[in-house]
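Each remark here refers to the structure printed beneath this line.
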Amino acid sequence: MLFSPINPMHIPDGFLSVLLSIVLWVISVVLIGIALRKTGQTIGERQVPLMGVLAAAIFAGQMLNFSVTGGTSGHLLGAAIAAILLGPWPAVLVMTSVVAVQALLFQDGGILALGANLFNMAIIGPFVAYALFTLLMKLFKKQTWGLFVAGFVAAWSSIFIASLACALQLALSGTSPANIAVPAMGAIHALIGIGEGLITIGALAFIFAARKDLLKADANKPARNIGVVVGGLLISLVLVVLSPLASSHPDGLEWVAEKHGFIEAAREAFYNIVPDYSMPGISNPALATIVAGILGAVIVFGVAYGIARAEKRPSAQDDAQR
Amino acid sequence: MEPVIEISNLSFSYPDGKQALEGINLLVQPGEKIALVGANGAGKSTLLYHLNGIFTGSGMIRVNQLELNKNNLPRVRAMVGLVFQNPDDQLFSPTVYEDVAYGPTYQGLDPHTVREKVALALKAVHMEDYAQRNPYHLSSGEKKKIAIATVLSMQPQILAFDEPTAGLDPRARRELIDLLLELQQTMIIATHDMNMVEQLTPRTILLNHGKIVADGPSLDILRNDRLLMTNGLI
Amino acid sequence: MRELYTPNHSAVHRIDARVKVIFTLAFIVFLNLTPSGAWPAYILFFTWMFSLSLSSRLGIAFVLKRSLLALPFVLAALPLVFTGPAPLGQIPVLNTPSLTYSVVGFYRFASIAIKAWVSVMAAVLLAATTRFPDLLTAFSQLKVPALFLTIIGLMWRYLFVISDEVTRMLIARTSRSATAPGSNRSGGSLFWRARVTGGMAGSLFLRSIERSDRVYAAMLSRGYTGQPAAQKTTRLQKKDLLALAAGVILLVLLWLLGVITGG
């Protein structure tokens, strides 16, 4: 069984502008670098196998589903539960491992777009979840139900806020108009988030019944991650405020993306180097398309022919390798 | 008497092409206790999973005269209780009570009936006092009994076990065999535990490479060293 | 869950993993840099990937089928067809009223879909022709931090074990999801189903946490000190470097063709 829950948040390649992809790659790499440093400092070598195995569990746990209605089903994504169980920085590493391997080996999300996907699912997800969970746990202090309310809110927000980021990235790339992408992504993920929240409640209930100690561990040292809490809340705030603004002024975003985009600028500069599209031989796009088509067919035929020849008599090199 | 399970010409191969079952024919009478033996990979678990419609091969399976097909799968699942090798795969609720209540709750029964069925099931496995415990912390033997209770709560006529004594200490194993002797349901037990076969199941079916190579009284099969040797059981 | 890697003795399989990683990345970057509507360049990008897939002997149907994975996401770009700038075209829908669409928007939409598709082909080819340990080694030689690679390596090691566990849990739940005789309703409430699934997740995480204790003990017993084992780095061979350079130059040329012919 090849497994890949269709997740509308793993952006494939082709949907984001290269400039935005690179910017988000840089941001993600820096933040993951911080996570590596923090994790290396604050936890022992004991945590390394824990993070590895838990990453596998979250990856595999995304297969866990429950039927919602007529063939659709709810899934677990896991950023919130990882942040609650491990704390924010190890959760960033765990989610990074999951999202990166999904992209590299299962083509769930693109490679150039991986920076953006990491930012949305491996950084925003755990940050927002951790910030809201910590805040609500402080608010409800002793009550047991507080744990579940906080878990639900953290899980729901981790999905919803990340989807807003995803929608804005698509809009900024000029791939999807903001006034369609933001409400559509937001609405879908508001629902998906409810599933995530309910599953998280169930998981917390099980862990609370079996290993209460795992949920207490982090409560003793909340001060350490104050930066994450503030950061997570800021991200949430900015995205929640920005999204409706962007979707009510889609032209503004488009304008930023198109007219002032780096790529457009670069291309215009290039047109000045090659004036009037006057490359010899391919001045006519239609002709160029035909030539490219013929060339392509010839190359494919050549390769196929070569393989057929090679298969007839296996080369000595091949035999040596076996 | 009508057979409670009727399998004719059942074949199954996995999506990767590996043939797991081939031409299985089998009749089971009500109340029979049957051992399913064979080396690892012989097709024991695959056959058990068919009784419950987890896998569907070609051929015909009838449970209680009801031919197994897509439409009546949910009904057949209520008749056949499958107990898995690792109880941790089967227990996933914060309390034993909720785990045992899963089946009846899924069936949409009213809360009062659910409570009754859970109480009966826990009583049948002598675990009445465990209702509010967390299954995660029980011993293997206790988990096993709870796993049996989780299917008994649906009152199935047939119980199918996948290696029930694997990983149990001697006392837990003895208690489990005693419990299985007590229970009146028809049983099909996939196992490597030949001593249990001798004590518990009068009839044995020997599988090899997805085919039935012997079907008869357990004592005859267990004493046939040559048969056991050629099928990888000694 | 099945591993995508497909063992084969093709030339593509034998290329140094570092070369494949860098080339795949460069391929995807240049393909995505190509402006929309650059059909000749798209044809050649596609041809290139198609030929590489052919020579990897994975079976072209496999690659094409796998690469359709990105298809559902195309929906996100669909609105472009209707919201793009003029000139507008008209699709007659039952004579009147007719559906208007933007020609430029349609070109952009088609370009995005093609780029996504060919990019996924490249990623499929990388994953299907490179063993995971080789990929990890390549990343470590490309200076990805060791702690991170250790986590990913462990994750990969247990991914298949744990996904079998998940499959068994799902089967166990299915086998108890029955309808009572003479009844037609079953399933319980949505809230309850979600909570049960959560319980499965919780149990899975606890089992995994306890498994990691055993993994840690096993690692210690084999001399693990918290420091990842030193990787021996081999230098790229000259012919690998040359091939990579030639590939990247060709990519740049294709991109230029795209810039000239695209809109």
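Just so it is clear, the values below take in all heavy atoms, side chains as well, and ignore hydrogens, waters and symmetry mates. Nothing here was measured: the structure is a model prediction, and the numbers come from that model.
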About how many Å separate [atom2] of [Y] and [atom1] of [X], when rounded to the nearest 0.5 Å?
X        : Y        : atom1 : atom2 : value
C:Ile112 : A:Asp13  : CD1   : CG    : 12.5 Å
A:Gln107 : C:Leu125 : CD    : CG    : 10.0 Å
C:Ile162 : A:Met63  : CD1   : CE    : 10.0 Å
A:Leu19  : C:Asn32  : CG    : CG    : 13.0 Å
A:Leu64  : C:Leu204 : CG    : CG    : 6.0 Å
C:Phe50  : A:Ile299 : CZ    : CD1   : 12.5 Å

Specify which of [options] makes the most heavy-atom pairs with chain A at under 4.5 Å.
options                              : value
C:Ser55, C:Gly105, C:Ala113          : C:Ser55
C:Val196, C:Ile28, C:Leu25, C:Ile114 : C:Ile28
C:Ala127, C:Ser51, C:Ser119          : C:Ser51

Does any part of the side chain of [Y], heavy atoms only, come nearer than 4.5 Å to the side chain of [X], both counted from C-beta?
X        : Y        : answer
A:Ile180 : C:Phe82  : no
A:Leu112 : C:Leu31  : no
C:Thr197 : A:Leu76  : no
C:Phe205 : A:Leu214 : no
C:Thr47  : A:Leu295 : no
A:Val48  : C:Leu147 : yes

Would you be so kind as to tabulate the donor-acceptor pairs closer than 3.5 Å made by side chains of residues 201-208 of chain A, with sequence neighbours excluded?
none

Side chain / backbone / both / neither for [X] at chain C, heavy atoms under 4.5 Å:
X        : answer
A:Val94  : neither
A:Val300 : both
A:Ser67  : both

Please find the pair of heavy atoms, one from [X] and one from [Y], that lie closest to each other, and give the distance.
X        : Y        : result
A:Leu54  : C:Ser208 : CD1-CB, 4.2 Å
A:Ala210 : C:Leu206 : CB-CD1, 3.5 Å
C:Lys115 : A:Gly14  : CB-CA, 4.1 Å
A:Val53  : C:Tyr158 : CG2-CD1, 4.0 Å
A:Ile111 : C:Ala123 : CD1-CB, 3.9 Å

key: Greater than 12 external heavy atoms within 6.0 Å of C:Tyr216's OH   =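 Yes, enclosed.
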
Okay, C:Arg207 and chain A: the region with an atom under 4.5 Å from a heavy atom over there is neither

Next item on the list: For the pair C:Leu170 and A:Asn65, evaluate side-chain contact (heavy atoms from CB on, under 4.5 Å) and give the outcome as yes or no after the intermediate values.
Entry: CA-CA 9 Å; C:Leu170 288 171; A:Asn65 62 349; 4.0 Å; yes

Steps toward side-chain contact (heavy atoms from CB on, under 4.5 Å) verdict (C:Arg193, A:Leu198): CA-CA 9 Å; C:Arg193 283 201 301 272; A:Leu198 293 177; over 6 Å; no

Self-check item: C:Leu190/A:Phe66 under side-chain contact (heavy atoms from CB on, under 4.5 Å): CA gap, chis, key distance, verdict
Solution: CA-CA 8 Å; C:Leu190 185 65; A:Phe66 65 97; 3.9 Å; yes

Test log, rule side-chain contact (heavy atoms from CB on, under 4.5 Å), inputs C:Ile209 and A:Leu50:
CA-CA 6 Å; C:Ile209 288 170; A:Leu50 176 63; 3.8 Å; yes

